[in-house]
Amino acid sequence: MTFPDGSTRTFARGVTGFEIAESISKSLAKAALAVMIDGAPADLSQPIESDCSLKILRREDPEALELIRHDCAHIMAQAVQELFPGTQVTIGPNVENGFYYDFARSEPFSTEDFAAIEKRMHEIVDSATPIVREVWDRDQAIAYFKDKGETFKAELIADLPGGESIKVYRQGDWLDLCRGPHMPTTKLTGHGFKLMKVAGAYWRGDSSRDVLTRIYGTAWRDEKELQAHLTQIEEAEKRDHRKLGRELDLFHLQDEAQGSVFWHPKGYTVWLALESYIRRRIRAAGYVEVKTPQLMDSRFWEQSGHWGKYRENMFVVPDVVPNTEDGGKVFKEEPKHFMALKPMNCPAHVQIFNQKVRSYRDLPLRMAEFGCCHRNEAHGALHGLLRVRQMTQDDAHIFCREDQIESECTAFCDLLEKVYADLGFTDLTVKLATRPAVRAGSDDVWDRAEQGLRDALMSAKLDYVEAPGDGAFYGPKLEFHIRDAIGRSWTCGTIQLDFVLPERLDAYYVGEDGQKHHPVMLHRAILGTLERFIGILIENYAGKLPLWLAPVQCVVATITSEADSYAQKVLETLKAAGIRAELDMRNEKINYKIREHSVQKVPVLFVVGAREAEGGTVAIRRMDDIAQPVEKMDEAVKALAVTCAPPF
RNA sequence: GCUGCUGUAGCUCAGUGGUAGAGCACUCCCUUGGUAAGGGAGAGGCCGACAGUUCAAUCCUGUCCAGCAGCACCA
């Protein structure tokens, strides 16, 4: 047996983790929860049959949390089945910060049931019931669960691979099919858990199958850790972009335009600052910018394939003159022709590409558009700025030759990284989504495309995870994910290779050989959509946007009305220097004004009273800094203008 | 779209089977105050929409709409 410190010891075949722990020390045996055998968790009671590396898991080990959470899921399931007879158990895995368990019950649970369930859970923990692992015969297991009316469990067992042994964990009278491992007794779970929410979830994630009731819980080593987690959730909720959007007067949403954003002056100022920044970036990177129609005939979408494959997400508009009679039907006759709001920009960009004969010398052609798209997203999917129906993408399509894919992808990753760094995002997850089962194009092309993306990630030094089968039918893609305040991960940037659309829309260029060839299209966006990205920005900065993005960069606040005319002059100077500034001459005390603008997260305040007016100075107060240096007004404005400059 | 929860003033939230309250914000008055809320007065609500039960509904029931959480889908 090899231990984590590198030492080795010899034990008899069939020794258990618990016996090994005991042989080391009594206290270790007492603290032991489970073992890691060659890096895989296992029960303390499991006999070890061969040489291996072994680690005894104790409460303070990171892996212990996994055990606690999974045991906790079992304890919850036991409590639920005791309190609500007739409830079927299904699956109950760990998730980040906790666990869930999906139950099948005619009447769904509500959060009002939590108190009773939690109470019973605490009792089960205190009962210190031993958790015992058993290996069952497959058919016997299926029969047992069927007999108990546990049809979902029976289905699970029936679907397990033939060779796999059926493991069951028993705690008292209750048992559950489970891969394990578990800790020796229910006592070890401790009391650092709490049930969080109920939700519907489809059996096996399939929306055509039964809806189960899912109960989510969070679990930690002790009550203190639990409390810390709950506090963290509260803090995160404070930076929710929907809350900050209202408080900072950036935007609003309303029933009559669900999923579409009303940008207020301040929010749109952020938008424009961000858009201009991206525009400068892509111009420097060799893109040309275009603008294409919002509304196009259905035959256009038929040709692009969207009418067949994407129509349920499109807003379709009948191409007829409406009936104008009061109280009459909207249309006198059944519409024969339809138009649709564009859900994507790509087919329109191909039209521009196709307007003339292109040479291989023209490639790569990088065509960008701040394209406003509409997608009829499911009601339940909508979420503030992060999931909307009207979105503006910082979209572009790169038409290139196959041999240019890698260099274009590399250049894109470089550009994206620079932009994300400028915007304060360094913690992003990159996902490489590879070929799905149903796809267009030969395996040879897919091989090269996927490798091209890997190489691009490599040369951009980006870590990534592969998501096999998650690619689009027309090509593989990279997705750049950023987390929101509540920990949910959203795709922002993306690059997708497409071998299908150029062929479908008959895009071609004349190659060196004088023959027609279809270009490859790279669909790519850095921010993704301005809506989502601004939402993420707000949360990332908790509303305290960097100076260059702040809607109001400086407020001039007067102390007395004697300083009014001087304050006007300060404002004019700020504006002349290109700074977004406002003037607060209200009949309020300076304390009040400071508080209000602090709450509004204005980065810089110029406070002026009689003294400043007299000396031609300003008292500067920066956000989160109580210092109040007094400087000559002209110099202060000049210095501020420098710090307000965008990063590019 | 599915499951559950929620819907009272611009915002945050109390509340009752007899058509409503608080704080902040808003308007006016007093106050000219030196770095996170000065004082007073006033105005503001078809209690999400539509049905039903009831002498009477913001409150009970149902349907719908929207929001929230999760699922499914996705930038």
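Bear in mind the structure is a predicted one, so any value in this text is a computation, not a measurement. By convention in this document, chain letters (A, B, ...) are assigned in the order of the sequence lines, proteins followed by strands, and residues within each chain are numbered from 1.
- Distances shorter than 4.0 Å separate none of the side-chain N or O atoms of A:Gln393 from OP1 or OP2 on B:A75.
- You'll find the ring centres of A:His264 and A:Phe251 outside the 6.0 Å limit.
- The base-pairing partner of B:U53, taking Watson-Crick or G-U wobble contacts with both distances under 3.5 Å, does not exist among the strands shown.
- In this structure, B:G21 forms a base pair with B:C13, meeting either the Watson-Crick or the G-U wobble geometry with both donor-acceptor distances under 3.5 Å.
- With B:G34, B:A75, B:C65 as the candidates, the nucleotide lying closest to the side chain of A:Glu612 is B:G34.
- Between A:Phe103 and A:Tyr101, a ring centre-to-centre spacing shorter than 6.0 Å is recorded.
- Remark: A:Tyr592 is not in phosphate contact with B:U32, judged by side-chain N or O atoms under 4.0 Å from OP1 or OP2.
- Residue-level contact check: A:Tyr202 touches the bases, meaning some heavy atom is under 4.0 Å from a base atom.
- Using a 4.0 Å heavy-atom criterion, one finds that A:Lys243 contacts no nucleic acid atom at all.
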Derivation and outcome, side-chain contact (heavy atoms from CB on, under 4.5 Å), residues A:Tyr100 and A:Asn94: CA-CA 7 Å; A:Tyr100 68 79; A:Asn94 280 357; over 6 Å; no

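- Judged by atom type and distance alone, A:Arg242 does not reach the base of B:C68 through any side-chain donor-acceptor pair under 3.5 Å.
- Across all strands, A:Ser207 comes closer than 4.0 Å only to sugar-phosphate atoms, never to a base (heavy-atom distances).
- Residue A:Ile590 is classed as a sugar-phosphate contact, given heavy-atom separations below 4.0 Å to backbone atoms only.
- Using a 4.0 Å heavy-atom cutoff across all strands shown, A:Glu596 reaches no nucleic acid atom at all.
- Between the side chain of A:Glu562 and the base of B:G33, no donor-acceptor pair under 3.5 Å is found.
- For A:Arg621 and B:A36, a side-chain-to-base donor-acceptor distance below 3.5 Å is present, hydrogens and geometry of angles not being considered.
- Side-chain proximity of A:Arg586 to B:C26, B:G34, B:G70: nearest is B:C26.
- Residue A:Arg246 places no side-chain atom within donor-acceptor reach of the base of B:C11, judged by atom type and a 3.5 Å distance cut-off alone.
- Across every strand in view, B:G70 sits in a pair with B:C2 that passes the Watson-Crick or G-U test at under 3.5 angstrom.
- Looking at heavy-atom distances under 4.0 Å, A:Tyr216 makes contact with sugar-phosphate atoms alone, never a base.
- Atom CG in A:Asn591 sits about 12 Å away from atom P in B:G39, given to the nearest Å.
- At a cut-off of 3.5 angstrom, counting only N and O atoms as typed in the model, there is no donor on one side facing an acceptor on the other between the side-chain of A:Thr213 and the base of B:U3.
- Between A:Phe152 and A:Trp203, the gap from one ring centroid to the other is short of 6.0 Å.
- For the pair A:Arg389 and A:Met623, nearest-nucleotide mapping onto RNA chain B gives the more 5' position to A:Met623.
- Using a 4.0 Å heavy-atom distance criterion, A:Glu256 is classed as making no nucleic acid contact.
- Using a 4.0 Å heavy-atom criterion, one finds that A:Val211 contacts the sugar-phosphate atoms exclusively.
- Taking atom CZ of A:Phe473 as the reference point, atom P of B:C73 lies 17 Å away to the nearest angstrom.
- With a cut-off of 3.5 Å on both Watson-Crick or G-U wobble distances, the partner of B:C26 is given as B:G42.
- A:Glu479 and A:His481 share a side-chain donor-acceptor pair at under 3.5 Å.
- Mapping A:Asp255 and A:Ile626 onto RNA chain B by nearest heavy atom places A:Ile626 at the nucleotide closer to the 5' end.
- Across B:A75, B:G70, B:A36, the shortest atom-to-atom separation from the side chain of A:Arg532 is found for B:A75.
- What separates CG of A:Asn376 from C1' of B:C73 is a distance of 12 Å, to the nearest Å.
- Heavy atoms of A:Gly380 sit under 4.0 angstrom from at least one base atom.
- Taking the centre of each ring, A:Phe425 and A:Phe480 stay at or above the 6.0 Å mark.
- The nearest whole Å value for the distance from the CD atom in A:Gln254 to the P atom in B:C65 is 18 Å.
- In this structure, of B:A37, B:G38, B:U35, it is B:G38 that holds the atom nearest to the side chain of A:Lys589.
- Heavy atoms of A:Ala378 sit under 4.0 angstrom from at least one base atom.
- For the OP1/OP2 pair of B:G10 and a distance below 4.0 Å, the side-chain nitrogens and oxygens of A:His252 include no atom meeting the criterion.
- Ring orientation note: the planes of A:Tyr310 and A:His306 are nearly perpendicular, at an angle over 60° on the 30°/60° scale.
- The shortest distance between the side-chain N/O atoms of A:Lys593 and the OP1/OP2 oxygens of B:G33 is not below 4.0 Å.
- Using Watson-Crick or G-U wobble geometry with both donor-acceptor distances under 3.5 Å, B:G33 finds no partner in any strand shown.
- Comparing atom distances between the A:Lys197 side chain and each of B:A66, B:A75, B:G70 picks out B:G70 as nearest.
- Between A:Phe84 and A:Phe109, the distance separating the two ring centers is shorter than 6.0 angstrom.
- Using a 4.0 Å heavy-atom criterion, one finds that A:Ala557 contacts no nucleic acid atom at all.
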